[in-house]
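Lettering follows sequence order; numbering is per chain, from 1.
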2 protein chains.
Amino acid sequence: MAPRTRKSERRTEALSRERIIEAAVELLDTAGEGGLTFRALTERLATGPGAIYWHVANKDELLDAATDAVVAAALATEPAGSPDSPRDALNAVALGLFDAIDEHPWLATQLATQFSRGPWKSVTPRILESIGRQVRALGVPERRWFTVATVLMHYILGAAGQNAVNGRAHGPGVNRDEFLGAVSTAWKELDPDDYPFTRAVADQMPGHDDREEFLAGIALILAGITAVPPPPRSHRARR
Amino acid sequence: MAPRTRKSERRTEALSRERIIEAAVELLDTAGEGGLTFRALTERLATGPGAIYWHVANKDELLDAATDAVVAAALATEPAGSPDSPRDALNAVALGLFDAIDEHPWLATQLATQFSRGPWKSVTPRILESIGRQVRALGVPERRWFTVATVLMHYILGAAGQNAVNGRAHGPGVNRDEFLGAVSTAWKELDPDDYPFTRAVADQMPGHDDREEFLAGIALILAGITAVPPPPRSHRARR
DNA sequence: ACCTGAACACCGTTCAAGT
DNA sequence: ACCTGAACACCGTTCAAGT
């Protein structure tokens, strides 16, 4: 609501890559992905496009940098808490990303496209490392590290992105519950022959808590880890 | 290589929504996401922009339609095979999506953005239904259908998207193995203190088969399903 | 070294006009 | 009903020129 920088204000700080990235994040947060343009950026920073291009190669690099900055901040806040168990630590990492994507919905699309742009640059190792450390701490055999960390990463980013969509108002005056209710209703109107599963699931969807559901997915994956550890020997007479 | 339609050719078929979507998919396949423009489309269809807008609301709707068409085709090809076990059927669905995204790399980004656009329209129920039917067939309790199907969906789409990135040549004359090798090398140059896990994983990454690794992730998730059947009641004496 | 701002090529979309 | 194509507003990017 409170305008931070107005066009008439004189720029006090010198232009820098950091300030440009900061302004880019603000624009993305307030105006969405379409809101980040070089015109809006020049106005906010009280400068010309040429000045921005001196600090940043192009728009793609700026988007990558904005994404990386937000993800880095989200992952940096977690080690402050108590170490607890690896499970708790993993949940903390996951919820950190969950909240970051919830606060910055453009992150979801951006992470997906960044995976395909600077293929495995900066942000991917960052996320993989945070998740992977807990995977290692959980005692997963090294041979499975990549698979487990990858499954967790894709689920976390995908589910968090979906949640962020649900959280945003779609149309004026539409809140989260109304939105989920509308989706549920739409699903129940699908063809019973073509969509029996989706219709059945539509009933239980709007009811549950989002974070709880999110963590349930992680718990499910972790259950798979502990269930299959050394499959070769040990006949394990359960049931 | 062989140009299907040249500018001088007279358009024989009448313009239709289907032909426009078809041309859009071809452009996306050959020229990537940036290759789909209304100018390229008008040239290929030998018409003007106004004609396209008569059949399609705007570019977003066209992208949604192209995505939906390709996904529908990918999911339609699987029931032809043998029913086998639900596990095999689920693998078939997953590989169908895997291959579709591999053939049409723009699908990965497009699916991510479509999740946030027409929030849960057309393509999401389609994918969820195909996966969900096998989840149901696997005997998962109904209360968990949503969680399990969601975990599977996000993993499948995320991992397939990542694979598609790896498959495309990045730069001239760079093939898949060279690319993965380069990523592995880049990871091993990361700071040992900040990225121990990622460095450790870099070694095993370029070695494995992609489809095998992809299916290993699904097997991991399925292991979780069968391991945690009914946790609600039962006093859970753990720790 | 850092910034300005006009200019360029290109894009999605509109719309009066045709058939 | 369906199509044409000029026109509009806007975008990312460049670059000669300033300090």
Which letters describe nucleotides 13-19 of chain D, given B = protein heavy atom under 4.0 Å from base, S = only from sugar-phosphate, - = neither? BBB----
Whole angstroms only, please: what is the [atom1]-[atom2] distance between [X] and [N]?
| X | N | atom1 | atom2 | answer |
| --- | --- | --- | --- | --- |
| B:E43 | C:dC11 | CD | P | 11 Å |
| B:W54 | D:dC2 | CH2 | P | 4 Å |
| B:R19 | D:dC3 | CZ | C1' | 15 Å |

Classify B:I52 by what it touches in the nucleic acid, base, sugar-phosphate, or nothing, heavy-atom distance under 4.0 Å.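 Answer is nothing: B:I52 stays at 4.0 Å or more from every strand.
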Looking at every strand, decide which applies to A:L36 at a 4.0 Å heavy-atom threshold: base, sugar-phosphate, or nothing.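 Sugar-phosphate, no base atom in range.
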Taking B:R44 first and then B:E26, would you say they form a salt bridge - that is, a charged N and a carboxylate O separated by under 4.0 Å?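 B:E26 and B:R44: salt-bridged.
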Looking at B:D191 and B:R199, is any side-chain nitrogen of the basic one under 4.0 Å from a carboxylate oxygen of the acidic one?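 Salt bridge absent between B:R199 and B:D191.
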Quick test of your reading: applying ring-ring contact (aromatic ring centres under 6.0 Å, His included), list the pairs with at least one residue in residues 17-53 of chain A, sequence neighbours left out, ordered by first then second residue.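 Every ring-ring contact (aromatic ring centres under 6.0 Å, His included) pair that includes a residue of residues 17-53 of chain A, provided the two are not neighbours, is A:F38-A:Y53.
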Given a 3.5 Å cut-off on both pairing distances, which stems involving DNA chain C, each at least three consecutive Watson-Crick or G-U pairs, are present, if any?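 Looking at DNA chain C, the stems formed by three or more consecutive pairs are C:4-8 with D:12-16, C:12-16 with D:4-8.
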Residues that A:E22 engages under salt bridge (charged side-chain N to carboxylate O under 4.0 Å, His left out), provided they are two or more places apart: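 Counting only residues at least two positions away or on another chain, A:E22 forms a salt bridge (charged side-chain N to carboxylate O under 4.0 Å, His left out) with A:R19.
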Holding to salt bridge (charged side-chain N to carboxylate O under 4.0 Å, His left out), I want the full list of residues that pass it with B:D99, two or more places apart in sequence or in another chain.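 Applying salt bridge (charged side-chain N to carboxylate O under 4.0 Å, His left out) to B:D99 gives B:R211.
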Tell me, with the steps shown, if A:W145 and B:F197 meet ring pair (Phe, Tyr, Trp, His ring centres under 6.0 Å). CA-CA 9 Å; A:W145 283 1; B:F197 179 85; 5.4 Å; yes
Residues two or more places apart in sequence or in another chain: which of them pass ring-ring contact (aromatic ring centres under 6.0 Å, His included) with B:Y155?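 B:Y155 satisfies ring-ring contact (aromatic ring centres under 6.0 Å, His included) with B:F214 once adjacent residues are dropped.
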So, do B:L90 and B:V135 sit near enough that their side-chain heavy atoms are less than 4.5 Å apart?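 No. Closest side-chain heavy atoms not under 4.5 Å.
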